[in-house]
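Worksheet: one structure, shown below.
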Number of protein chains: 2
Amino acid sequence: MNYDERFSKALHMTARQWRAALDRRLRDLGMSEAAWMTIAAAAKSTPAPSQSELAQMLAVEPASMVAMIDRLTRLGFVERVPSPSDRRVKHVAVTAAGQAVYERIHQEATVFRAETLSRIDPQKLTIATEVIEQLQLIIADA
Amino acid sequence: MNYDERFSKALHMTARQWRAALDRRLRDLGMSEAAWMTIAAAAKSTPAPSQSELAQMLAVEPASMVAMIDRLTRLGFVERVPSPSDRRVKHVAVTAAGQAVYERIHQEATVFRAETLSRIDPQKLTIATEVIEQLQLIIADA
DNA sequence: ACTTAATAGTTAGACACCTAACAATAAGGT
DNA sequence: ACCTTATTGTTAGGTGTCTAACTATTAAGT
């Protein structure tokens, strides 16, 4: 199996394994990786981003963002705020509980990454990160 | 954002984008990346692997493999063959149609990978592949 | 021979996405 | 002012996973 095939297989399987491991880790906090990434993206945006903007930041389809925001709203971590100037738009505001869980999980994720990524040569991790980011742009252009 | 955070975010988003792009490409052939990987793993095994063995090859939970095999059986690409010697075990045999689609999509996937991965420096791709594979082992040990 | 532990596969419920189609609203063009 | 196009968010149906619990069967231990 050449590196092309190895790469695509590894990308698929490792991304799933990583997310499953992190989801297990975050389970006790009632959170998943994808949910936390959504809160993180919203928390970092000023003013509160619209649903479309959030979807774009996380490279998911707008339809997918609807259910994610539904779940986070039900958990009390975010709320939908209608735009005063555009009746189509709803902004996603992080609640105080959401901000607290964001910070809490940011710590957990940092520990998890340290436990795992610290065992990889930093220079190789840098190259791998840049390759994967570059690939994302290539795919977007395709 | 340091490389740790960038890496895990890139891994998540790029794996999803890659698979979505490949799924779009394979749509006309009635196939997805995950389905094709399952057929490929079964096709490469002699004798036909059990469901548990397939799940292990692809690093998914056995329960997840049940639905995948259900779908592939419905499509006529594989069939479950009860073991003559162990009533618990079912082997996953690739049908002639499955073999044909496997070869067809192997070509498509090769073209897709060539179109995308050829734009990445081969040495960097090698390093990235090894890093991701190494990470998978680290996660498995955690 | 019998009991206990392990294995294989299944079912149920949930999450995280995708595509396609739709309604409401805003923007752009004439 | 009116019509057409684009945008935003939603709904529906589907795929691909996960965890937890279960049943049937085999293996191991006594």
Side-chain angles (χ1 to χ4, degrees), chain A residues 12-28 30-39 41 49-56 58-75 77-78 80-92 139, chain B residues 12-28 30-39 48-56 58-75 77-78 80-92 139:
Chain A
H12 176 88
M13 290 170 63
T14 305
R16 238 192 332 97
Q17 298 293 293
W18 172 275
R19 149 213 205 111
L22 191 44
D23 282 1
R24 282 193 286 272
R25 192 60 163 262
L26 302 180
R27 170 91 60 71
D28 295 340
M31 182 66 33
S32 64
E33 186 193 30
W36 178 68
M37 284 175 74
T38 305
I39 294 180
S50 68
Q51 290 189 198
S52 303
E53 288 165 343
L54 254 191
Q56 199 162 11
L58 298 167
V60 302
E61 296 296 323
S64 304
M65 188 51 68
V66 171
M68 175 60 78
I69 294 174
D70 283 351
R71 284 192 291 276
L72 292 177
T73 298
R74 198 187 319 127
L75 291 168
F77 294 144
V78 305
R80 284 178 167 97
V81 179
S83 167
S85 53
D86 189 329
R87 288 221 281 241
R88 298 170 297 176
V89 170
K90 287 171 186 166
H91 294 282
V92 181
I139 295 170
Chain B
H12 177 90
M13 291 170 63
T14 305
R16 233 186 345 89
Q17 298 292 293
W18 171 276
R19 151 213 202 110
L22 192 45
D23 284 0
R24 282 192 287 273
R25 191 62 162 263
L26 302 180
R27 171 91 59 71
D28 297 339
M31 182 66 34
S32 64
E33 185 192 30
W36 176 70
M37 283 177 74
T38 306
I39 295 180
S50 68
Q51 289 188 198
S52 303
E53 287 166 342
L54 255 190
Q56 200 162 10
L58 297 168
V60 300
E61 297 295 324
S64 306
M65 187 52 67
V66 171
M68 174 61 77
I69 295 175
D70 283 351
R71 284 191 290 278
L72 292 178
T73 299
R74 201 188 316 130
L75 292 167
F77 294 143
V78 304
R80 285 179 166 96
V81 179
S83 168
S85 53
D86 190 328
R87 291 216 281 234
R88 296 170 299 179
V89 169
K90 287 169 184 166
H91 294 284
V92 182
I139 294 169

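By convention in this document, chain letters (A, B, ...) are assigned in the order of the sequence lines, proteins followed by strands, and residues within each chain are numbered from 1.
Protein chain B touches strand DNA chain D; the 5'-most and 3'-most nucleotides with an atom under 4.0 angstrom of its non-hydrogen atoms are dT15(D) to dT26(D).
Residues H91(B) and S83(B) are in side-chain contact: their nearest non-hydrogen atoms beyond the backbone lie under 4.5 Å apart. Residues R16(A) and V60(B) form a side-chain contact, since some pair of their non-hydrogen atoms from C-beta on lies under 4.5 Å apart.
Listed by chain and residue number, R24(B) satisfy the side chain to side chain contact (heavy atoms under 4.5 Å, CB included) test with A20(B) (two or more places apart in sequence, or in another chain). The side chain to side chain contact (heavy atoms under 4.5 Å, CB included) test applied to S52(B) returns S50(B), not counting sequence neighbours. Under the side chain to side chain contact (heavy atoms under 4.5 Å, CB included) criterion, E33(B) pairs with H12(A), W18(B), R19(B), L22(B), D23(B), M37(B), sequence neighbours left out.
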Inset, instruction - Using a 4.0 Å heavy-atom cut-off, write out nucleotides 12-21 of chain C from 5' to 3' as B (base contacted by protein), S (sugar-phosphate only) or - (no contact). - result: ---SSSBBB-

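How far CD1 of I39(B) is from CG of L72(B): 5.0 Å, rounded to the nearest 0.5 Å. The CE atom of M65(B) sits 11.0 Å away from the CD atom of Q56(B) when rounded to the nearest 0.5 Å.
Side-chain N or O atoms of Q17(A) include none that pairs as donor or acceptor with a backbone N or O of I139(B) at under 3.5 Å.
V89(A) comes within 4.0 angstrom of the backbone, heavy atoms only, and of no base.
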Atom pairs, N/O to N/O, protein against nucleotides 26-28 of chain C, distance under 3.5 Å?
| from | atom 1 | to | atom 2 | distance (Å) |
| --- | --- | --- | --- | --- |
| dA26(C) | OP1 | R87(A) | N | 3.1 |
| dA26(C) | O4' | R88(A) | NE | 3.3 |
| dA26(C) | O4' | R88(A) | NH2 | 3.3 |

